[in-house]
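Below is one structure, written out as structure tokens, with a few remarks after it.
In what follows, every chain begins at residue 1, and chains take the letters A, B, ... in the order their sequences are listed.
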Protein chains: 2
Amino acid sequence: MPESHQAFVCSSDHQHCIDEALTAAKQLCRDKQLRLTPVRELVLRLIWQSHKPLGAYDLLPALAKAGFNSAPPTVYRALEFLQEQGLVHRLASLNAYMGCNHPGTSHSGCFFICEECHQALEIEASPLQTTLQRHAEELNFSITRETIEVLGVCPECQQQKAQSHA
Amino acid sequence: MPESHQAFVCSSDHQHCIDEALTAAKQLCRDKQLRLTPVRELVLRLIWQSHKPLGAYDLLPALAKAGFNSAPPTVYRALEFLQEQGLVHRLASLNAYMGCNHPGTSHSGCFFICEECHQALEIEASPLQTTLQRHAEELNFSITRETIEVLGVCPECQQQKAQSHA
DNA sequence: AAATTTGAGTTATAATATAACAAATCCTCT
DNA sequence: AGAGGATTTGTTATATTATAACTCAAATTT
Ligand SMILES: [Zn+2]
Ligand SMILES: [Zn+2]
Ligand SMILES: [Zn+2]
Ligand SMILES: [Zn+2]
């Protein structure tokens, strides 16, 4: 199992990603007069610390370690809050959660998920959304939310597979 | 709650849809030398009978009524088989299953799901797939499977909502 | 400070899905 | 037709993901 990659999800210093995400979240909550409580902040941090989307139950041990109640409702509430504020996304095809790359803007997101290393990347996919919107207009369908999750193999894992077959 | 619509998912005679789907499935299995056993056929029929995607557990009572074992593995196995043969799709955002509109061709499908009447429509979305493929190429990402599920309001339900607000 | 709102702790349970093994059925080959 | 092997189904148990309902604590408002 390949474990550590850089380029697909994060080009270099991941601690920087985490710090930036946390700062942005704090700012966003300040602006909206919402409370980024300790549990919520921890959950957001844990999610950002992983390059792989995490399941709700994956977060519980860390919550326990930090002295919080580690029953499911605690983490689901935090996740619900973070999702409502657009700070994390839920990946329906994985039952897992990941930090949002560009919070603040309300959007559904488009995700590429590597089936080898399980890392996931969110992209801004305006052309895609436009195409989808055209389809919807043809049907007279009014879009509320989109779930776009692409499973496949990331560049790093493709390379690794190619080498191992050589 | 609006319950009965026609145009969005099926223009007129739904029994015809069901019959056609079953015939196609039988033909496909004959061609591939696979066994469309009674359970599998019943599950496929049940799924096609509903305009709304059905959860696995929704199927169990009908299986019991028909004299089959109605424990979860039975229905999940049938669903697995039908999915593998491209006869049904699983909607990740709903944990539900629906019949495929154009089986035989291997594809991931693009689904429009009405949040009012819960009906769902599968479309062939070549432009969408092309756009997604372009995004993937930019990332050097090799696509295995796509999950595209669009939640919103179907034309019929839009109309109904507009009338009720009048 | 009292009242109100919001968030978190706690217990229990719902909803969805799979593991593992036994029994039955079907297919192939003689 | 019958033995042997493969596939399918039955059965029991359990894993995984998510929510309901109620209580208590903390924060915010009045
Ligand atoms: Zn996002
Ligand atoms: Zn990878
Ligand atoms: Zn299809
Ligand atoms: Zn509708």
Side-chain angles (χ1 to χ4, degrees), chain A residues 25-26 29-47 50 52-85 87-98 118 147 149, chain B residues 25-26 29-30 32-44 46-47 50 52-85 87-98 118 147 149:
Chain A
K26 281 172 190 165
C29 288
R30 212 172 4 248
D31 292 351
K32 293 205 212 170
Q33 307 217 45
L34 296 167
R35 291 161 57 198
L36 190 64
T37 61
V39 201
R40 291 169 177 174
E41 181 175 338
L42 176 55
V43 167
L44 184 58
R45 180 184 306 279
L46 290 169
I47 282 182
S50 170
K52 311 174 191 178
L54 294 178
Y57 280 74
D58 296 330
L59 300 166
L60 291 179
L63 257 67
K65 235 193 219 166
F68 293 103
N69 173 20
S70 70
T74 300
V75 70
Y76 279 105
R77 282 171 188 147
L79 288 170
E80 186 185 21
F81 171 85
L82 295 169
Q83 280 176 267
E84 279 167 356
Q85 305 322 316
L87 295 167
V88 314
H89 292 287
R90 178 173 188 274
L91 301 188
S93 63
L94 299 179
N95 295 333
Y97 303 82
M98 67 178 289
H118 302 113
T147 300
E149 300 172 17
Chain B
K26 281 173 191 166
C29 287
R30 211 171 4 247
K32 294 205 214 170
Q33 308 216 43
L34 296 167
R35 291 161 58 197
L36 190 62
T37 61
V39 203
R40 292 170 176 170
E41 181 175 341
L42 176 56
V43 167
L44 184 57
L46 290 169
I47 284 182
S50 169
K52 312 175 189 175
L54 293 178
Y57 280 74
D58 296 332
L59 300 166
L60 291 179
L63 257 67
K65 236 195 220 165
F68 293 103
N69 173 20
S70 71
T74 300
V75 69
Y76 278 106
R77 282 172 188 145
L79 288 170
E80 188 185 20
F81 171 84
L82 295 169
Q83 281 177 267
E84 280 167 354
Q85 305 321 318
L87 294 167
V88 314
H89 293 287
R90 178 175 188 271
L91 302 188
S93 63
L94 299 178
N95 296 333
Y97 303 81
M98 68 179 288
H118 303 113
T147 300
E149 300 172 16

Atom-to-atom span, CG of A:L79 to C1' of D:dT17 - whole angstrom
12 Å
Phosphate OP1/OP2 of D:dT8 contacted by B:R40 side-chain N/O (<4.0 Å):
yes
Return the value, rounded to whole Å, for the distance between atom CG of B:L54 and atom C1' of C:dA17.
17 Å
I want to check something: taking the side chain as every heavy atom from C-beta on, are B:L87 and B:I47 in contact at a cut-off of under 4.5 Å?
no
By the salt bridge (charged side-chain N to carboxylate O under 4.0 Å, His left out) test, which pairs, at least two apart or in different chains, include something from residues 33-45 of chain A?
A:K26-A:E41, A:E41-A:R45
Heavy atoms only, 4.0 Å cut-off, all strands: where does A:Y97 land among base, sugar-phosphate and nothing?
sugar-phosphate
Interatomic distance where CZ belongs to A:F68 and C1' belongs to C:dA8 [whole Å]:
10 Å
Can you tell me the distance, in whole Å, between the CD atom of B:E84 and the C1' atom of D:dT7?
13 Å
Select from A:A71 and B:A96 the residue whose nearest nucleotide in DNA chain C is closer to the 5' end of that strand.
A:A71
Whole angstroms only, please: what is the CZ-C1' distance between B:R77 and C:dT25?
14 Å
Pick base, sugar-phosphate or nothing for A:N95, based on heavy-atom distances below 4.0 Å to the nucleic acid.
sugar-phosphate
Do the side chain of B:E149 and the main chain of B:A92 share a donor and acceptor less than 3.5 angstrom apart?
yes
Could you check whether any side-chain heavy atom of A:L54 comes within less than 4.5 Å of a side-chain heavy atom of A:L94, counting everything from C-beta outward?
no
Hey, does the side-chain of B:Y57 have a donor or acceptor N/O within less than 3.5 Å of a partner on the base of C:dA17?
yes
